[in-house]
Every structure is written in C-alpha cells, then in structure tokens.
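I have placed the structure first, in the form of structure tokens, so that the comments after it can refer back to it.
Below, all heavy atoms of this structure are taken into account, side chains as well, without hydrogens, waters or symmetry copies. Nothing here was measured: the structure is a model prediction, and the numbers come from that model. Chain letters run A, B, ... following the sequence lines, proteins first, then strands; residues in each count from 1.
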Amino acid sequence: MRRILVTSALPYANGEIHIGHLVEYLQTDIWVRFQQLIGNRCLYLCADDTHGTAVMISARKAGVSEAEFIARMQESHQRDFAAFDIRFDHYGSTNSAANRAICERIWHSIRQAELVVERDVEQLYDPRVGTFLPDRFVRGQCPKCGSPDEPGDNCSRCGHHYSPSELIEPRSTLSGATPELRKAPHLFIELEKLRGFLESWTQTGDHLQAEIANYLKGHFLGEPLRDWDISRPAPYFGFEIPDSPGNYWYVWFDAPIGYIASTHEWCERHGERLDDWWRSPECEVHHFIGKDITYFHTLFWPGMLKTAGFSLPTKVHIHGFLTVDGEKMSKSKGTFVAARTYLRHLDPSYLRYFYASKLSSRVEDLDLAVDEFIAKVNTDLVNKIVNLASRTAKFVESTGLSPTYPDDGGLFVAAAAAGAEIREAFEATDFSRAVRLIVALADRANPFVEERRPWDLRKDPAKAGELQDVCTVALNLFRQIVVYLSPVLPRLAEQAGALLGDPITRWEQSQTPLVGKPVNKFTHMLRRVEEKDVLAMIEESKPAGEVDTATASPAPGVVGSTTWNDSGVPLAAEPLAPECTIDDFQKIDLRVARVIAAEDVPEAKKLLKLTLSLGGDTTKNVFAGIKEAYKPEQLVGKLVVCVANLAPRKMKFGTSEGMVTAASTDGAPPTEVFVITADTGAVPGQRVH
RNA sequence: GGUCCGGUAGCUCAGCGGUUAGAGCAGGGGACUCAUAAUCCCUUGGUCGGGGGUUCGAAUCCCUCCCGGACUACCA
C-alpha cells in the first residue's frame, strides 16, 4: 500500500470558483478517488490562498475586514467544491496559525542557509490609499510608443517592457492618484545558489512532464536564476516577517506552505505525525497545478522544501486551461461560468464525466465544446451505460440475481482483464484513455442484451431462469463499468451500489461478479442533458444588463438603471480618471469619421489598418488595435469616432495619423473591444462636443 | 522571432515500422420495443497536411515546407 499526499493549487480568496478552476479540482479528485479505490492511503489537501494586495483591496472595497472577507470567500469555495463531489480530507487557509508557524520554520532554514539578501526596491506608492502598488494596479502612458493608458508591466500596443515607474503620467487604478516613487528594503532569496539542486531535480527522474522539464531548461536554467523578491513592505495583508519588522512575506512565499499547514491541521485532528507525510521517503507528494503557476511550483517551491528539509514533490502534474467552444472563457459571451451558476442548471456528474473524457497527462488546454459536451454525456453515460441497468433491473426485482454467474460468452472476464489497462491509464492521469476503454465495454454489453431479448423471455414462464440469467449478466457488466468509473462518478457508483445492495468501494469488485443478491427497485440515475439547460446557464453567465440584440428587445418606454441592471464590473475594473476641465477636454478633437477602407496587417498581432474619411477629400490613415475583435469587412462603411488631432506616430507598419475610439473593460481579453460609432444622421467631419 | 505540441473519415480521437488504416458520434438503410425516442444490425465516408528520403515494407523513422495551438520575446 502506497502512502500518497495530494494537493490542488490553493484557490485565491479574491473570487469565486468557476468551471475553469474545476478542471484542476476534478482532475485531482478523480485521481485521489482512484488511488483510494485501488487501496492506497491517499490524502487530498487544499486551502484558501488568502494573502496579498488584491485581497486587501477587495476587502476594503467591500467595506469589511480582511478576516471577514476571506472567511466569506472560503465558505463559498468550500460549498462549491462539495457540490461537485470534490472531497478534501482537509481544507485549510493560508491565514492560519499553523501556516504562520511553518512559514517561520522554513524561513529560519532559508536564513540559516544564507540565501537571503536585502536590497532597496523602488516601487510606486499610492498616497491616497496608502499602499504600494503591484504592477497591474498602475496604468499610464507607454514610455516608448506613447500609447496612453497602458498597464504597469508592458505596453499592449508596442509590446515594450518596462517597470511601472517608467510610465509617463502614471496613475493608480485604485484611486486615480498619481503614484509616488518610494524606496523600501525588500528581502530576496538567491535562487542561483540552489542551481545545482534545481538542475538535477528538474532534469532527472519523473517529477515533471517532459515538456515542462524542457521548458525550464530553456527558459530559466539557461541563464543565472534571478533573486526572488519575497517580501513586501507594510501595509500588506499577510504575515509579518519575524526578523524583519514592517515587512511581510509575499503571498507566493506563504501560499505553497499552506499545503504543509493544511496537512499539519489534518494531522492534529487525526492523531498523525506531520513528518510521516512531509519528511518520509515512504510518502509520495503529488501537486496538481495549472500551467500558469509552473514557475512557482517547479523552482521556488522545490528550492524551499529542499532547504528546509521537507520531502520534494514526487510529481508536479500540470494541466492546461479551459476553453469553451475553442475560445478563451469570456464574460460577455457567458462562457465564464461560475460553479454556482453551473449548479443551478446542470448536474455536476456531467462535468466530471466530460472533463475526465478529455483530460490527458499532457499540458494541453481542454476545450469544452457545448455540442460535444451534450453528446458525450447523453450518448455514453445515459444511452449506453445507465441504460444497461434501466433496461434490465426491473425484470429481476422479484427474483434477484442468479445464484451462480451464467455464461455470458466471456464478456465479464474480458472486461475484468481490461481493468489492468484502465487502471494504468488512471494512474498515469490519462483519464481520456481510461474513459475510452470503459465506454468500449458498454458497447459490447448492450448487444448481449439485444441478442438475448429479455422482453421476450419474460412472456414465457418456462424461461424465467434464462431471463434472470440475462439480467444478471447485464447488471454485472453495468456494475463492472461503474466500478471503473467510480472515481469519476461517485454518485453513480453510490446509486449502483444501492441498486444491488453492495456498496462500491474497491477496484477488485470489478473482477468478481455479484450473484445471489436481491435487486432493488430501479430509480432514475442520471437525467439526459438538454441543450436548453446549457444555453440557459450561458445566458445567466452573461454580465447583467448586457442585452443580446439579436434575441431580445428592451421593453419600450421603460428606462432606468434598475431596469437595465448593468453590471458594476467595468467601472470597478477601471475607476474614473482624475477630474479634468472643459479646457482639457477641448484639447482633444474628436470627430465623426467614416471607415472607407480597412485591411489586415498580416505581420501584426493586434492591428488593422483603417482609412478614415473626415468628409470631402480629407482622409486619415490609422492603425487600430482591434484585430482580435473585428474583421476588416465589418468596419467598412461604419461611422466611428476618432481622435483627429492626435500627433502622428510612426509605427512598424506605417504612420498612424489618429486613433479610433473603442470601449473595453480593463483586463478583458482583446476580443472584447467595441468601437464607438455615431448615431444615424451623423456625418463625417462633425466634431464631438 | 524562439521553444514546444499537434495536423488520420463531417466531428472527437485511437493507431506510432508489418496483413486491404480503426472506434465513437454525425449521415444513409433496416430491425426491435425492455429502456431516460434509449438499443441493435448493415452501410456511406479517408492520395493518414504537402514534398522528398531511409526500408523488403511508413500514418508510423529522418529531412523539408505549409497550417493550427500553447508558451515565450530580455518578465516573474
């Protein structure tokens, strides 16, 4: 029996769980349940990741204390996980006494290893809010290309990288205030000192997927590893560093330590020793994470563990992101579905099954195509698998299963043998392969029922024995499939166990048929998915107030903010700029213009080249960063609003003589950009007053 | 631009050196009626991205090009 400790990444306490998060938690939960099913001792641990500026700000906005804020969020997270049958052995919080203690312990080791250096860091500071600003909380004009309102780390227009302090006319997105440059001491971990260890750990053994090891080799280990800035000056929601008053551990220092702290809390409750799980060569440690946090889990984290003498991860399992119908999840398209919203419309088993049917051990994005989702769930689960039971169980309600297992032409034995391959696939987190193999078993079981025609047998009392045998076979094949599928579909396993009076708890149950048992009354196990439910879920996930003009028209004559129920998200994402005067506004000459030509700039990722007419012979050549939102032909003929007196700017592909105005939510993907057009009747050349 | 992954039937994918390339779904035809109109049988459909090469033999190995995606672009 192996002893295995498993974690999923700690969800951040700044937002709700959505179906993208669930890829990871379901993947992990399935693997854990599989391990338990085959008899291994397997613990599944998680916690909320609670620290950092973002939580501090969100709590402030919500008008509650951080403690209150994270408590609410944690409750919400745990409720969602439970609803999807994600079964943690313990769910902690990084804002716990246990975590603080272990952070201190690990910190002490890192200090002792002389890996810490102190250096001053200049960072922008918001004097109005009284806090230092992470890069993404600062916006301003790009120092290179002059593009206004660019984020604090790099320019979305020219791609130039800079530090937020290089921005021209920077402002805080929290308050609109002009940030000040302030110097503060920060603590750094000198990761380069661990190079030897990290090279060998990442490049040998089976700790990482091959593509990840390769990626690290090329991207990080190819040059000196940079020092890791792991402290933040006050105010910061987190743990104060004991030997550095006024400084707090950066959230990414204490977050992974939460894995150990959560284990510690579990140990306290169950009378176990932490060292048996985190300092024992007998115990495997498996982390499941998304590809976005590869860096933290494959370099810093092993470095910290190694230095502090904890077990290194046996394996870091890294998965890709979720896409919906081939595109990134999008709030406006309604594909950014909160777990809570999903639950209002659909059965969690559908998602568990669908994800399982798509997941492999590779670092690939997983696509949820709505049609495929519906087809897979209905065809495989309901029509093929559950159908085996629902078409035969009632014939043996009174007699129960045959006392000995009848001749089934070798079906049960063959499916039992297939278990070895299915088991390997689960072990390797190659769930799509496992599911494919399992469904193939159902494809063989249904023809058996068809051929033996139980519905005819029941008409002849002399064939009662044969009827019982046929149903005994069908129900056993069903049960066998459900045992294999039980890590994916625990509810179905429970229902099947109840039907046959024999709870499904062990993989071995797939190897021996069940005989001589009474059969309970069959009750529905899984409803078919209906397209309208999926569509309703997507509709509900669209931002409130966003009316789909193709399908809905507003009630005439009724106008008011309560009627429209517009979301507060865009404004909150990008608070109002500092006040300006009418004179300030007059400097900007906005004009109505007609797009008379639009063409793609093939070499550019974001740009379209537009020719704007201001009426008469006056035209302007403008490059607009809207390629990902519009096709050129959609724009030709449109009346847009342009900044007509903008200084011309030479760009890689030509000179841009103006700018087309467009609306977007800060932080939204580049596909969510909406060009501002003029109402009917406006003509090119008119000024916007 | 760099790195990596992929391109096999309309769709999702399997096969990854060896008999005429497979499955499920979808399409077409038929059967059945126990079952959540589920099931079963038959069937249409593919120069395995293009081109070179290695080999007795290639979807499978090598080279090259094209296309799609992810990551990355002095950033952690």
Answer yes or no: is there an ion pair linking Asp367(A) with Lys358(A), defined by an N-O contact shorter than 4.0 Å? no
Pairwise P distance for G45(B) and G10(B), with rounding to whole Å: 11 Å
Which atom pair, heavy atoms only, marks the closest approach of Asp533(A) to His345(A)? O-CB, 3.7 Å
Centre-to-centre under 6.0 Å for Phe132(A) and His186(A), is that the case here? no
Provide the closest heavy-atom pair for Arg226(A) versus Glu223(A) in the form atom of the first, atom of the second, distance. NH2-OE1, 3.1 Å
Measure CG/Leu299(A) against C1'/A76(B) and give the value in whole Å, please. 11 Å
Assign each of Lys358(A) and Thr379(A) to its nearest nucleotide of RNA chain B by heavy atoms, then name whichever residue's nucleotide is nearer the 5' end. Lys358(A)
Atom pair distance, as rounded to whole Å: CG in Leu437(A) and C1' in A14(B): 10 Å
Please check if the number of heavy atoms outside Arg527(A) that lie under 6.0 Å from its CZ is greater than 12. no
If I pick the C1' atom on C25(B) and the same atom on U43(B), what distance separates them, to the nearest angstrom? 15 Å
May I have the distance from Leu221(A) (atom CG) to U72(B) (atom C1'), rounded to whole angstrom? 15 Å
Distance check: side-chain N/O of Arg528(A) vs OP1/OP2 of A38(B), anything under 4.0 Å? yes
Taking only the C1' atom of each, what is the distance from U33(B) to G15(B) in whole angstrom? 37 Å
Spacing of the C1' atoms in G17(B) and C62(B) (rounded, Å): 13 Å
Quickly work out the His319(A) NE2 to C5(B) P distance and round it to whole Å. 21 Å
Nearest-angstrom distance, C1' atom, U64(B) to U54(B): 15 Å
Result of checking Gln209(A), Lys291(A), Gln27(A), Glu24(A) against His319(A) for side chain to side chain donor-acceptor pair (under 3.5 Å): Glu24(A)
Walking RNA chain B from its 5' end, the first of Asp443(A) and Asp365(A) to be reached, judged by nearest nucleotide, is Asp443(A)
C25(B) P sits how many Å from Asn446(A) CG, rounded? 11 Å
I'd like the C1' distance from C61(B) over to G18(B), given in whole Å. 14 Å
Using atom C1' of each nucleotide, how far apart are A14(B) and A70(B) to the nearest Å? 23 Å
Checking U36(B), C4(B), A76(B) against the side chain of Asn214(A) (C-beta onward), the nearest is C4(B)
Taking the side chain of Arg436(A) as heavy atoms from C-beta outward, which of U36(B), C5(B), A14(B) is closest to it? A14(B)
For Phe300(A) and Trp252(A), I'd like to know if the aromatic rings sit close, meaning centre-to-centre distance below 6.0 Å. no
How many Å lie between CD on Gln209(A) and P on C71(B), as a whole number? 15 Å
Is the CD atom of Glu531(A) crowded by more than 12 outside heavy atoms at less than 6.0 Å? no
So which protein N/O to nucleotides 32-35 of chain B N/O distances come out below 3.5 Å?
residue, atom, partner, partner atom, Å
C32(B), O3', Arg453(A), NH2, 3.2
C34(B), OP1, Arg458(A), NH2, 3.1
C34(B), O3', Lys394(A), NZ, 3.4
C34(B), O2', Arg391(A), O, 3.2
C34(B), O2, Arg391(A), O, 3.2
C34(B), O2, Arg391(A), NE, 3.2
C34(B), N3, Arg391(A), NE, 3.4
C34(B), N3, Arg391(A), NH2, 2.8
C34(B), N4, Arg391(A), NH2, 3.1
A35(B), OP1, Lys394(A), NZ, 3.1
A35(B), O2', Asn387(A), ND2, 3.3
A35(B), O2', Ser390(A), OG, 2.9
A35(B), N1, Arg391(A), NH2, 3.4
A35(B), N3, Asn387(A), OD1, 3.4
A35(B), N3, Asn387(A), ND2, 3.2

If you look at every strand shown and take non-hydrogen atoms under 4.0 Å, does Trp252(A) touch a base, only sugar-phosphate, or nothing? nothing
Of the nucleotides G6(B), U36(B), C25(B), which has the atom closest to the Val386(A) side chain? U36(B)
I want to verify a distance call: between U36(B), A76(B), U12(B), whose nearest atom is closest to the Lys376(A) side chain? U12(B)
Arg362(A) side chain N/O closer than 4.0 Å to the phosphate oxygens (OP1, OP2) of G6(B)? yes
Rounded to the nearest Å, what distance is computed from the CD atom of residue Glu223(A) to the P atom of nucleotide C74(B)? 11 Å
Closest approach of Glu118(A) to Pro185(A) (non-hydrogen atoms, all atoms of both residues): OE2-CB, 3.4 Å
Between Arg226(A) and A76(B), does any side-chain N or O lie under 4.0 Å from OP1 or OP2? yes
Using Watson-Crick and G-U wobble pairs whose two distances are both under 3.5 Å, how do you write the pairing of RNA chain B as dot-bracket, with | for links to another strand? ((((((((.[[[[.)..(...]]]].(((((.......))))).....[[[[[..)....]]]]])))))))....
Assign Leu388(A) to base, sugar-phosphate, or nothing according to its heavy-atom contacts below 4.0 angstrom with the strands shown. nothing
Residues, nucleotides or ligands: over 12 heavy atoms within 6.0 Å of Lys306(A) NZ: no
Quick one: list whatever passes side chain to side chain donor-acceptor pair (under 3.5 Å) with Lys183(A), sequence neighbours left out. none
Nearest-angstrom distance from the residue atom CZ of Phe354(A) to C1' of C13(B): 12 Å
Please give the distance between the C1' atoms of U60(B) and G53(B) as a whole number of Å. 15 Å
